[in-house]
Enquirer: 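Dumping the structure here so I can ask a few things about it.
What you are looking at is a predicted structure, and each value in this text was computed from that prediction instead of being measured. So that the names make sense, note that chain A is the first sequence line, chain B the second, and so on, each numbered from 1. Heavy atoms only: backbone and side chains are in, while hydrogens, waters and symmetry mates are out.
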2 protein chains.
Amino acid sequence: MDESGPSGRPEQDDASSHRAVRIQDVAKLADVSTATVSRALATPERVSPEARARVFEAIAKTGYVPNPAARSLRSQKTHMVLVVLPDLSNTFFSKILRGIEERLFEAGYGMIISDLDGTPEKEAHFAAFIAAGRVDGAILLNGHLFGQTRMGGGATDRTGIPLVALCEAIPSADIPQIEIDNRGAASRMTQHLASLGHRSIAYVSGPESNILERERFLGYQDGLKAAGLPFDPGLVLPGDYTIEAGVAAGQNLAARSTRPSAVFCTSDEMAIGLIRTLLSAGLRVPGDISVAGFDDIEFAAVAEPALTTIHQPRRELGQAAASVLIDLLQGRPSPKRIRLDTDLVLRDSVAPPQNMLKAPAKTTRTRAMKPT
Amino acid sequence: MDESGPSGRPEQDDASSHRAVRIQDVAKLADVSTATVSRALATPERVSPEARARVFEAIAKTGYVPNPAARSLRSQKTHMVLVVLPDLSNTFFSKILRGIEERLFEAGYGMIISDLDGTPEKEAHFAAFIAAGRVDGAILLNGHLFGQTRMGGGATDRTGIPLVALCEAIPSADIPQIEIDNRGAASRMTQHLASLGHRSIAYVSGPESNILERERFLGYQDGLKAAGLPFDPGLVLPGDYTIEAGVAAGQNLAARSTRPSAVFCTSDEMAIGLIRTLLSAGLRVPGDISVAGFDDIEFAAVAEPALTTIHQPRRELGQAAASVLIDLLQGRPSPKRIRLDTDLVLRDSVAPPQNMLKAPAKTTRTRAMKPT
DNA sequence: TGCTTCCATGTAAACGATTACATGGGCACT
DNA sequence: AGTGCCCATGTAATCGTTTACATGGAAGCA
């Protein structure tokens, strides 16, 4: 059975040919068929212990690694997951990504990242990516499906891969959502500010169309209402979660003759930019104006003054999303929605208004109320 | 020629079967062979305009997307690039990643990210990843090859894919390096501090074994020497680029009876943590101690006081690395080493020592000297 | 002992592209 | 008009797995 092989491949087993080891090589060495090798890897319990041992020995000896392209061509599985996010360079996402990567790695999946910086062109590209079957599933952090930018001739393609929405819920889509209770958290922060005595609480928003923004804005209004404060549109400043937006909002406030005594920024970046600008304008924080953030990014704790904010369990969010997706991929049942708890983190950038004494506050955390 | 197909596949063209469109479907519709379709996509100029038009029309009509697994199985190309980095959640990397992603995207490559958080286990896994041919090339931000943790039985595998080292040069490896002049930049910052009159300049290091650290430490010593200052080991504080390390260094300094008048931190994170700690301890920055950073991360500009630091063109670094890798992948010649310029960014955290007047400094940038 | 069942294994047909090689027609040149 | 060349295209082998189906032997049961 060694007549130089049925396909006529000459026997050259020295190092000269750098051809990758194939399953056939392993099979020959272990004196079994390729099918048995394949089974030894996929379903070891269906192979006799002796054959299995020989196969593994041969694999170790040859350093065989299955060719993923061939495997994926045949099995229609890529063991890859696409993560779509609006801005890779944003601090907020990096820790989430890490959580995702951890979990995917454990389950043997690779992570492909797509940063679609607003460009619909890229969006279409990644829709095609999914359609081409390059990934088994996707985690969407961008708040919408690819639906809008429909491809070509309305062909529905095989978009039937599992999807999970992370952070930004996708209302229209019937896919699992992993998120925090944005509305509740925003309400809670607003009420916290009110409880300290603030009567005039400004709000620096996210991008208008953003779902997070809409939730948080509702929460802000809820909080005002709960505290018996009126809603004043003049206290709503536009933003987009960036430091620059915070700076702009700060300039806006600094230029005013009468100012709110507290500002609730819907991102830590904006809060930091805003504080910075207020300080430069000669105002004191929290002496003259209290400032609260959202997210609890790394720098919130070391900002000057340290930022009072809402803590989001970013890593856990990423892990949860990955877990749900993996469940879906492997046909296990999975929850349709997961809401992780947030914490209200009390630091130094918020204090009672005006001339009340500023205690040297230490960081305190208060577990958020579970949403009902 | 329509006797239900040579493979006996029944003709069912309604939406019920969600079978993906194959090249054969396109070929049939365009009335050409699969080879022509393939060529129309890969080398349009080798197909007659008429056939080409029919092919593209058919592609549009069917919504055909080539199956990457099949393509990659045959052509041994994956159009994927692996990016290996030590810590995905680190701010410093995110903008670099974005630069990489941009360029890769333009060239039609996907990006797979691997965050090996120190675990050699993961490292081995990704070595196998490369060996399996899942990617065409890799960009390494982690400062070493996978060589150390050798796989299995010493099989050399096909590790012959193009690699590029980014930021952290890999001395032993003969692969292109994209970096900044760390030594020169550190020297420059040290001299800047000295030129303001500081005679006692502390240094907060990175991880000892880190190549960046070694370069920067040499630069620090260069700078001292150039300024005619003695090197004092007691002024070298251990760090690891994290905020916490900065805090620790700050506590160390705050506890001392005699302190340096300036501190050069080799990362902005450490500088921010350190400043924060000094301020809490009642010291003034830069009044009592000047603090300089390295990297110019987003928050450096809005720290309080705004951080004097070394600006690294992070996005450009990422783009450059991706460009070089793409050149390599496509067989084009490419430079063996690229050094991008850094800027010395002068802000408010550094001032002349002691009682000299603190001008309301504005941000100023000075282009670094080109390395010779 | 003869029949059924099951388990371990082998054989070979997909999976869906790319591409070497063959082919035939048109054009240019002598 | 004959020869040669090139261009557009088709045919079919190939990439390396997985897996449906076939097979043969051992074991269990009556």
Enquirer: Expressed in angstrom and rounded to an integer, what is the separation of B:Glu45 atom CD from D:dC7 atom P?
Expert: 12 Å
Enquirer: Could you give the NE2-to-C1' distance, from A:His79 to D:dT18, as a whole number of Å?
Expert: 12 Å
Enquirer: Could you check which of D:dT17, D:dG10, C:dC15 has an atom nearest any side-chain atom of A:Leu73?
Expert: C:dC15
Enquirer: Do A:Arg22 and A:Asp25 sit within salt-bridge range, that is, some charged N less than 4.0 Å from a carboxylate O?
Expert: yes
Enquirer: Under 4.0 Å between a side-chain N/O of B:Thr36 and OP1 or OP2 of D:dA8, yes or no?
Expert: no
Enquirer: Using a strict 4.0 Å threshold on nitrogen-to-oxygen distance, state whether B:Glu50 and B:Arg54 make a salt bridge.
Expert: no
Enquirer: Is any side-chain nitrogen or oxygen of A:Gln76 closer than 4.0 Å to OP1 or OP2 of C:dG16?
Expert: yes
Enquirer: Below the 4.0 Å mark, does C:dG16 have OP1 or OP2 next to a side-chain nitrogen or oxygen of B:Tyr64?
Expert: no
Enquirer: What heavy-atom pair brings B:Ile96 and B:Cys167 nearest, and what distance separates the two atoms?
Expert: CD1-SG, 3.7 Å
Enquirer: Between the side chains of B:Asp136 and B:Thr78, is a donor N or O closer than 3.5 angstrom to an acceptor N or O?
Expert: yes
Enquirer: Where the side chain of A:Thr34 is concerned, which of C:dA17, D:dG16, D:dT18 is the nearest nucleotide?
Expert: D:dT18
Enquirer: Between C1' on C:dC15 and CD1 on A:Ile23, what's the gap in Å once rounded to a whole number?
Expert: 15 Å
Enquirer: Given D:dT18, is OP1 or OP2 found less than 4.0 Å from the side-chain N or O atoms of A:Ser38?
Expert: yes
Enquirer: Taking only the side-chain heavy atoms of B:Arg71 (C-beta and beyond), determine which of D:dG10, D:dT19, C:dA17 contains the nearest atom.
Expert: C:dA17
Enquirer: Between C:dG10 atom P and A:Arg46 atom CZ, what is the distance in whole Å?
Expert: 15 Å
Enquirer: Could a donor-acceptor pair under 3.5 angstrom be found where the side chain of A:Arg74 meets the base of D:dT17?
Expert: no
Enquirer: Heavy atoms only, 4.0 Å cut-off, all strands: where does B:Ser48 land among base, sugar-phosphate and nothing?
Expert: sugar-phosphate
Enquirer: For B:Val47 and for B:Ala70, find the nucleotide of DNA chain D with the closest heavy atom, then tell me which residue's nucleotide is more 5'.
Expert: B:Val47
Enquirer: Take atom CG of A:Asn67 and atom P of C:dG16, then tell me their distance rounded to the nearest Å.
Expert: 16 Å
Enquirer: Contact class for B:Ala51 vs. all strands (heavy atom < 4.0 Å): base, sugar-phosphate, or nothing?
Expert: sugar-phosphate
Enquirer: Take atom CZ of A:Arg22 and atom C1' of D:dC15, then tell me their distance rounded to the nearest Å.
Expert: 10 Å
Enquirer: Rounding to an integer number of Å, can you tell me how far A:Lys77 NZ sits from C:dG16 P?
Expert: 13 Å
Enquirer: CZ of A:Arg39 versus P of D:dA20: gap in Å, rounded?
Expert: 10 Å
Enquirer: Do the side chain of A:Asn90 and the main chain of A:Asp87 share a donor and acceptor less than 3.5 angstrom apart?
Expert: no
